[in-house]
Amino acid sequence: MLSWLLFVLPIPALAALDKAQGVPPYLLHKYVPLTGSGAPKWRCLDDSKEIPWHNVNDDFCDCPDGSDEPGTSACPDNLFYCRNDGHIGVMIPSSRVNDGLCEPECCDGSDEPFGFCPNVCKEVGEAYKLKLEAENKLRRTGSKIRSTYVNFAQKEKKRLEALVVSSSREVADKEKEVARLKDVLDRTESLSAAALEFKQKSPMYRSLIEHSKALKSLQREHVRLKEKEQQLADILSALRTGYNPNYQDMAVLEAVRGWEHYSGIVKDEPITEEELGTDGEEDGTVSEEVTEDAEAEWEKDLWTTEELETKVEPLLTTDYVNLLLEHDNHIGSATQSSTLFHLHSYLPDFLVPHYDNMKEVLVSWLELLGIAKPAPDTSNKAALARMVFSTAEQSLTRIKKDKQNAQEDLARLFDPEWYGKDGEWKKLHGSCLKLDTGEYTYEVCLFKESKQIPNHGGQTFSLGRFHSWHPSPDVEVGSPEYYTKQVYSSGARCWNGPERSTKLILSCGTENALLSVSEPEKCEYQFIGTTPALCLPLDSSASGGSKEEL
């Protein structure tokens, strides 16, 4: 081809072609000699000096900015442009020009003398086009799914705005109702304060208060012991994972085996008489069976662990004053249901009025003589007023909480640091991606928590809770790159190590999936996954450059 150019092109044009070696297209118009009399000259791109035209690309650096040597390695820190016809032009450091190595970026071989490197741009370009078509197909499919996420965010915005408005009205109405009920309660309680004070001196009420104190104390100890058990479990799990089974330390081996049986990692095996250290006498076995039967009979009505976790807290929040008043109502109703007060049910109709009059006179005389005490219903009214007020107040608290949550969700919906400017990530809040690696299943619930779950029994560890998107200060908030990484921090602490944490690396894909899990550093995990939320439409600015190059 060079010989053909020698015959077709005039000498000045050929010289201009040589001088433009390594020049990017947007600067080609500057690499022409200056017009004028005398020998052709050329001005450095920084306008610092003029040099003879034949000094351009002569493998000697004349200009301070190095612009006279775009196609050689004479000037340091220069860039060389590979045209790569049939593919995409790229810039490489000029230090890699004429170094005897065929740079893969320069598929046309222009970085080395003519003929030294083969021109493979056609093959590379075709492979690149196939790859680009596959990526575009993936993006088209993923962007359609992403658009449904954006539509969900728009609908969620309308729902949340309507919820905030309705909640505001409901809060205002409920506050008025609570204020009215509070006034009724205050007036009712002022009437029954003396009666209530007397009732609170009863042995039953004092016993209830002491039982409440005992329950609270037991719950505090239960929480403290549970925390200690968790710490010991972490230590033993780390010991089991890191100990050397070939190291014959019986204390360590016994601790590991004991933890495996206790935590259910392996099933219990029969214990030999030698390991037990006894003769296995029959009397001891019978005695043990009797003891176990007695314990089972004693424990059958006791709460399970799950019930302890869920039912103790409501007991501790019991309103004992209301309970006391309800008890009095119950006793009172039992008293009033006696035959004396319902005798008129057995009397003929014409005798009922006479019986009622006689009963009222009898009761009034008994109260007057101090034999019977009047039973005012002020305490009952106070208990009812307190219950109604408490219900209304709880309802107000719930409505306020719903309103606050709706306002927070609305503020985060199109926040770039939360669900993106289009709100595309809101749909995925709480979506859990899982990967089974054999020994463990790794799970990350987006915007919530990352976990390591053992598949064969043992402890589940938190690998961190959602902290932020891409933490690098060099990445612009809200840019496509910003949403390619999530950070989960403050997980369960490693034994003799840092708190566990997770970096979730995401890319465009048609599914929300977890592809791989690794641990580059101790207790620092890296998850690789895909999501349609990162599949931007093809007409976005992210793909414009590639299309123009091709």
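From a predicted model like this one, the values you see are computed outputs, not experimental measurements. Any value given below was found using the heavy atoms of this structure, including those in side chains, with hydrogens, waters and symmetry copies removed.
Atom CD of E476 is surrounded by 12 or fewer heavy atoms from other residues, nucleotides or ligands within 6.0 Å. Enclosure of atom CG in D77 is not indicated, since only 12 or fewer non-hydrogen atoms of other residues, nucleotides or ligands lie within 6.0 angstrom. By the neighbour-count criterion of 12 heavy atoms within 6.0 Å, atom CD of E221 is densely surrounded, having more than that number from other residues, nucleotides or ligands. A 6.0 Å sphere centred on NZ of K426 holds more than 12 heavy atoms belonging to other residues, nucleotides or ligands. Other residues, nucleotides and ligands contribute at most 12 non-hydrogen atoms within 6.0 Å of the CD atom of E511. Enclosure of atom CZ in R146 by more than 12 non-hydrogen atoms of other residues, nucleotides or ligands within 6.0 angstrom is indicated.
Using a cut-off of 4.0 Å between Lys/Arg side-chain N and Asp/Glu carboxylate O, E156 and R159 are scored as salt-bridged. Note on R500 versus E519: no salt bridge recorded, every NZ/NE/NH1/NH2 to OD/OE distance being 4.0 Å or above. Under the 4.0 Å criterion applied to side-chain N and carboxylate O atoms, E227 and R224 are not assigned as salt-bridge partners. Of the charged side-chain nitrogens involved, none lies within less than 4.0 Å of a carboxylate oxygen, so that D173 and R169 do not count as a salt-bridged pair. The residues R139 and E135 are annotated as not salt-bridged, no charged nitrogen and carboxylate oxygen being separated by less than 4.0 angstrom.
Residues forming a side-chain hydrogen bond (donor to acceptor under 3.5 Å, both in side chains) with T510 (at least two apart in sequence, or on another chain): none. For S168, the side-chain hydrogen bond (donor to acceptor under 3.5 Å, both in side chains) partners are K403, not counting sequence neighbours. Under the side-chain hydrogen bond (donor to acceptor under 3.5 Å, both in side chains) criterion, E126 pairs with no residue at all, not counting sequence neighbours.
Under the side-chain hydrogen bond (donor to acceptor under 3.5 Å, both in side chains) rule, Y419 has a single partner from R412, H429, E424, which is H429.
Counting heavy atoms from C-beta on, the side chains of Y128 and C121 never come closer than 4.5 Å. Here the side chains of S479 and H470 are not in contact, with every heavy-atom distance at 4.5 Å or above. The shortest side-chain heavy-atom distance between Y483 and V475 does not fall under the 4.5 Å cut-off. At a threshold of 4.5 Å between non-hydrogen side-chain atoms, the residues V90 and N84 count as touching. Considering only heavy atoms from C-beta on, D62 stays 4.5 Å or farther from V56 through its side chain. Side chains of E175 and L396 form a contact here, defined as non-hydrogen atoms less than 4.5 Å apart. At least one side-chain heavy atom of D108 sits under 4.5 Å from a side-chain heavy atom of R83. Under the 4.5 Å side-chain criterion, counting only non-hydrogen atoms from C-beta, S431 is not in contact with N512.
Between C63 and C44, the SG-SG separation falls below 2.5 Å. Cysteines C82 and C107: SG-SG separation is not under 2.5 Å.
There is a side-chain donor-acceptor pair under 3.5 Å between D436 and N455.
Checked by atom type and distance alone, the side chain of E50 never pairs as donor or acceptor with a backbone atom of R43 at under 3.5 Å. Within the 3.5 Å criterion, the main-chain N or O of P33 finds no donor-acceptor partner in the side chain of K19.
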*asked:* Test side chain to side chain contact (heavy atoms under 4.5 Å, CB included) on E69 and N57; report intermediate values, then the result.
replied: CA-CA 5 Å; E69 296 298 322; N57 266 347; 4.0 Å; yes
_Criterion disulfide (SG to SG under 2.5 Å) on C432 and C445, from CA distance to verdict_ = CA-CA 4 Å; C432 297; C445 295; 1.9 Å; yes
*salt bridge (Lys or Arg N to Asp or Glu O under 4.0 Å) between E443 and K448: does it pass, once the steps are laid out?*
CA-CA 11 Å; E443 176 186 81; K448 288 190 174 182; over 6 Å; no
*Does the pair K226 and E229 meet the rule for a salt bridge (Lys or Arg N to Asp or Glu O under 4.0 Å), with working shown?*
CA-CA 5 Å; K226 189 174 180 181; E229 182 186 9; over 6 Å; no
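Ring geometry for F447 versus W469: interplanar angle over 60°, hence perpendicular rather than tilted (30 to 60°). Ring planes of Y442 and F527: perpendicular class, angle over 60° (limits at 30 and 60°).
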